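So the structure is just underneath, and the comments pick up after that.
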Protein chains: 2
Amino acid sequence: MKISRDKLIENRQRILDAAARMFRERGFEAVTVSEVMKAADLTHGGFYNHFKSKDDLIAKTFAHALLPAPTNDGSAEPAMVDYARAYLSGAHRDAPGSGCMLSALAAEGARCNDETRKVMGEATRAQIARFAATAPGTTAEARRRAAIARWSAMLGAVILARAIDDTALSDEILSATLEAVEAPGS
Amino acid sequence: MKISRDKLIENRQRILDAAARMFRERGFEAVTVSEVMKAADLTHGGFYNHFKSKDDLIAKTFAHALLPAPTNDGSAEPAMVDYARAYLSGAHRDAPGSGCMLSALAAEGARCNDETRKVMGEATRAQIARFAATAPGTTAEARRRAAIARWSAMLGAVILARAIDDTALSDEILSATLEAVEAPGS
DNA sequence: TGTACATCAGTGAACGCGCGTTCACTGATGTAC
DNA sequence: TGTACATCAGTGAACGCGCGTTCACTGATGTAC
């Protein structure tokens with residue numbers, strides 16, 4: 001039956017939230033459209049009222065989870081050092097479902113449609129600009145390049161820490177990378 | 001028909017080579033068993049003479065492509081700086097099929113079977129030991145931690161450079177990370 | 001405000017396709033004598 | 001060395017399953033009057 005406009009929007013958000021969590025946990029291909037709809041308390045048939053295809057859902061999920069609240073105006077951004085600590089924590093490593101979209105899905109996203117790659121580009125530009133504000137360096141260019149190297153290290157460290165079976169080494173990867181990212185001279 | 005023992009071993013190598021290339025290019029789930037066998041000039045029915053399942057192929061492919069020629073004895077390893085230059089090049093970014101297994105498949109591998117995660121752990125330990133030999137630092141521990149941070153940055157940079165649609169930014173990610181990894185003070 | 005009706009998001013059965021996997025068969029290989 | 005035969009990697013048709021997607025139908029919503 002038809003539902004209210006508010007309910008429609010709420011349903012769409014629930015689909016995107018469920019998809020974002022499940023995709024990050026298990027990847028795009030292992031998650032089915034039916035599973036996402038079920039997790040959103042809906043039946044699979046209604047999926048195509050919201051999205052053109054599963055590929056479309058992937059692109060929209062990336063935008064939904066990667067570009068939330070466009071520059072949350074004025075609200076205090078966590079300092080770079082706090083952000084890095086949370087990012088390079090065991091908690092973030094162990095909870096990909098609620099973590100960084102890129103650390104879970106950047107490689108798979110690279111093989112997706114153009115819309116997805118475009119969103120990842122935008123998110124990367126935003127992240128670099130954010131980090132550059134507090135990166136070391138005497139010129140804006142140097143700070144920007146330092147920000148890029150730090151963001152690469154953080155992303156790579158979480159991906160690596162999640163990939164391996166050795167917990168001690170995994171912890172070490174996170175802490176050694178945090179140390180390098182925090183070091184003022186780096 | 002039955003084939004010679006040499007041919008059997010050669011066929012298995014061709015299957016693994018084809019799988020390694022195709023998986024890196026397109027991911028585990030997008031590549032079918034039939035496609036791999038076809039690329040190895042075989043028919044799909046014979047697949048199970050070589051591997052227990054597709055999951056088994058994934059684990060064996062990781063071992064095949066990630067741990068090749070166990071410590072190629074004596075033959076000169078490229079210096080860290082040369083390795084980093086090749087790793088953080090546009091050529092490597094644009095040819096995942098013949099590139100680093102981890103930069104293409106670490107995130108997906110993390111969601112695979114234990115054998116795969118174990119192989120990734122071994123490869124990571126080897127890579128860190130290799131980088132630590134030439135990393136900066138006054139103690140072995142400091143060099144090891146610097147090596148971890150550098151390897152994380154290289155891995156993250158290639159994954160990020162492949163993910164985004166903006167060629168100029170992609171190039172910048174590679175060059176800024178190379179600069180940081182080459183810097184003696186880092 | 002109240003009433004009549006067109007709209008359309010949600011439902012769940014159904015479809016076609018292609019995947020991983022199995023299997024009966026083939027015939028060159030490798031071995032026993 | 002030569003011969004007879006058991007082995008087993010490769011072949012390709014077939015299987016069952018579950019995926020993404022479609023569709024006829026439902027009935028509450030939102031609108032026109």
Side-chain angles (χ1 to χ4, degrees), chain A residues 1-23 25-62 64 105 108-109 111-113 115-116, chain B residues 1-23 25-62 64 105 108-109 111-113 115-116:
Chain A
M1 60 286 172
K2 188 169 181 181
I3 57 163
S4 73
R5 224 188 297 280
D6 281 356
K7 190 72 186 161
L8 169 68
I9 292 169
E10 187 205 309
N11 283 350
R12 187 190 153 95
Q13 293 300 310
R14 270 215 318 290
I15 295 170
L16 287 168
D17 286 340
R21 179 177 53 76
M22 297 170 88
F23 284 156
E25 283 169 357
R26 294 159 48 200
F28 297 132
E29 312 206 52
V31 174
T32 70
V33 167
S34 292
E35 284 177 313
V36 171
M37 292 302 275
K38 194 174 176 185
D41 281 321
L42 293 164
T43 52
H44 65 276
F47 176 79
Y48 296 89
N49 291 327
H50 291 278
F51 305 99
K52 285 204 301 288
S53 64
K54 189 184 179 184
D55 244 41
D56 184 39
L57 171 66
I58 291 172
K60 297 297 192 296
T61 300
F62 251 104
H64 175 73
L105 296 165
E108 280 172 87
R111 298 187 289 258
C112 279
N113 52 58
E115 195 179 342
T116 300
Chain B
M1 59 291 178
K2 188 168 180 178
I3 57 162
S4 74
R5 223 187 299 279
D6 283 354
K7 190 72 186 159
L8 169 67
I9 292 169
E10 187 205 311
N11 283 351
R12 185 189 154 94
Q13 294 299 311
R14 269 214 321 287
I15 295 169
L16 287 169
D17 286 341
R21 179 176 52 75
M22 297 171 88
F23 284 155
E25 283 169 356
R26 294 160 46 201
F28 297 132
E29 310 205 53
V31 174
T32 69
V33 167
S34 291
E35 283 177 313
V36 171
M37 292 302 277
K38 194 175 177 186
D41 281 323
L42 293 164
T43 51
H44 65 275
F47 176 79
Y48 296 89
N49 292 327
H50 290 278
F51 305 98
K52 284 204 300 289
S53 63
K54 189 185 178 184
D55 243 41
D56 184 39
L57 171 65
I58 291 173
K60 300 295 193 296
T61 301
F62 251 103
H64 175 75
L105 296 166
E108 280 173 88
R111 297 187 289 259
C112 278
N113 53 58
E115 196 178 343
T116 300

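All chains are named by letter (A, B, ...) in the order of the sequence lines, taking the proteins before the strands, and each is independently numbered beginning at 1. Small disclaimer: the values here were computed from a predicted structure and weren't measured.
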Handout entry: Which residues share a side-chain contact (heavy atoms from CB on, under 4.5 Å) with B/Thr43, sequence neighbours left out
Key = none

Exercise for the section: Would you please confirm or rule out a distance under 4.0 Å between OP1 or OP2 of D/dT31 and any side-chain N or O of A/Arg5? Expected result: yes

Completion exercise
Sequence neighbours excluded, the answer for salt bridge (Lys or Arg N to Asp or Glu O under 4.0 Å) partners of A/Glu29 is none

Handout entry: Rounded distance in Å - CD (B/Glu29) to P (D/dC19)
Key = 11 Å

Handout entry: Qualifying residues under side-chain contact (heavy atoms from CB on, under 4.5 Å), relative to B/Asp17, sequence neighbours excluded
Key = B/His64

Fill in the blank from the handout: Of the candidates C/dG20, D/dG20, D/dG10, the side chain of A/Thr32 sits closest to D/dG20

Exercise for the section: Using the test side chain to side chain donor-acceptor pair (under 3.5 Å), find all partners of A/Ser34 that sit at least two apart in sequence or belong to another chain. Expected result: none

Completion exercise
Note, DNA chain D 5' to 3' with Watson-Crick or G-U pairs under 3.5 Å encoded as ( ), [ ], | and . gives .||||||||||||||||||||||||||||||||

Practice task
Mind checking the CD1-CG spacing from A/Ile15 to A/Leu42? Nearest 0.5 Å is all I need.
Solution key: 5.5 Å

Handout entry: With sequence neighbours excluded, residues passing side-chain contact (heavy atoms from CB on, under 4.5 Å) with A/Lys38
Key = none

Exercise for the section: Could you state the atom-to-atom distance from CD1 of B/Ile3 to C1' of C/dG27 in whole Å? Expected result: 12 Å

Problem - Separation of atom CD in B/Glu10 from atom C1' in D/dA9, rounded to whole Å - result: 14 Å

Practice task
Round to the nearest Å and state the distance from B/Lys7 atom NZ to C/dG30 atom P.
Solution key: 13 Å

Fill in the blank from the handout: Taken to the nearest whole Å, CG/A/Asp6 to P/C/dA9 is 14 Å

Problem - Rounded distance (Å) that lies between atom P of D/dG20 and atom CG of A/Leu57 - result: 10 Å

Fill in the blank from the handout: A/Glu25 meets the side chain to side chain donor-acceptor pair (under 3.5 Å) criterion, sequence neighbours left out, with none

Exercise for the section: Check the distance between D/dA9's P and B/Arg12's CZ and give it to me in whole angstrom. Expected result: 12 Å

Handout entry: Gap separating the CE atom of A/Met37 from the CG atom of A/Leu57, nearest 0.5 angstrom
Key = 9.5 Å

Fill in the blank from the handout: Closest heavy-atom pair, B/Gly27 versus B/Leu105, reported as atoms and distance to 0.1 Å, is CA-CD2, 4.0 Å

Handout entry: B/Asn49 side chain, from C-beta outward: closest of D/dC19, D/dG30, D/dA9
Key = D/dA9

Completion exercise
For B/Lys2, the salt bridge (Lys or Arg N to Asp or Glu O under 4.0 Å) test, sequence neighbours excluded, returns none

Practice task
For B/Lys60, check side-chain contact (heavy atoms from CB on, under 4.5 Å) against everything at least two apart and list the hits.
Solution key: B/Arg12, B/Leu16, B/Phe51, B/Asp56, B/Glu115

What pairs of nitrogen or oxygen atoms, one from the protein and one from nucleotides 21-26 of chain D, lie under 3.5 Å apart?
residue, atom, partner, partner atom, Å
D/dT21, OP2, A/Tyr48, OH, 2.6
D/dT21, OP2, A/Lys54, N, 3.0
D/dT21, O5', A/Tyr48, OH, 3.0
D/dT26, O2, A/Met1, N, 3.1

Handout entry: Euclidean distance, atom NZ of residue B/Lys38 to atom C1' of D/dG12 [Å, nearest integer]
Key = 14 Å

Problem - Non-neighbouring partners of B/Phe28 that pass ring pair (Phe, Tyr, Trp, His ring centres under 6.0 Å), sequence neighbours left out - result: B/Phe23, B/Phe62

Practice task
Check each residue of residues 14-23 of chain A for a non-hydrogen atom within less than 4.0 Å of any atom in DNA chain C, then write out the ones that pass by number, or none.
Solution key: none

Practice task
Report the nucleotide, chosen from D/dG10, D/dG30, C/dA9, that has the shortest atom-to-atom distance to any side-chain atom of A/Ser4.
Solution key: D/dG30

Exercise for the section: For the side chain of A/Asn11, starting at C-beta, report the closest nucleotide among D/dA9, C/dA9, C/dG30. Expected result: C/dA9

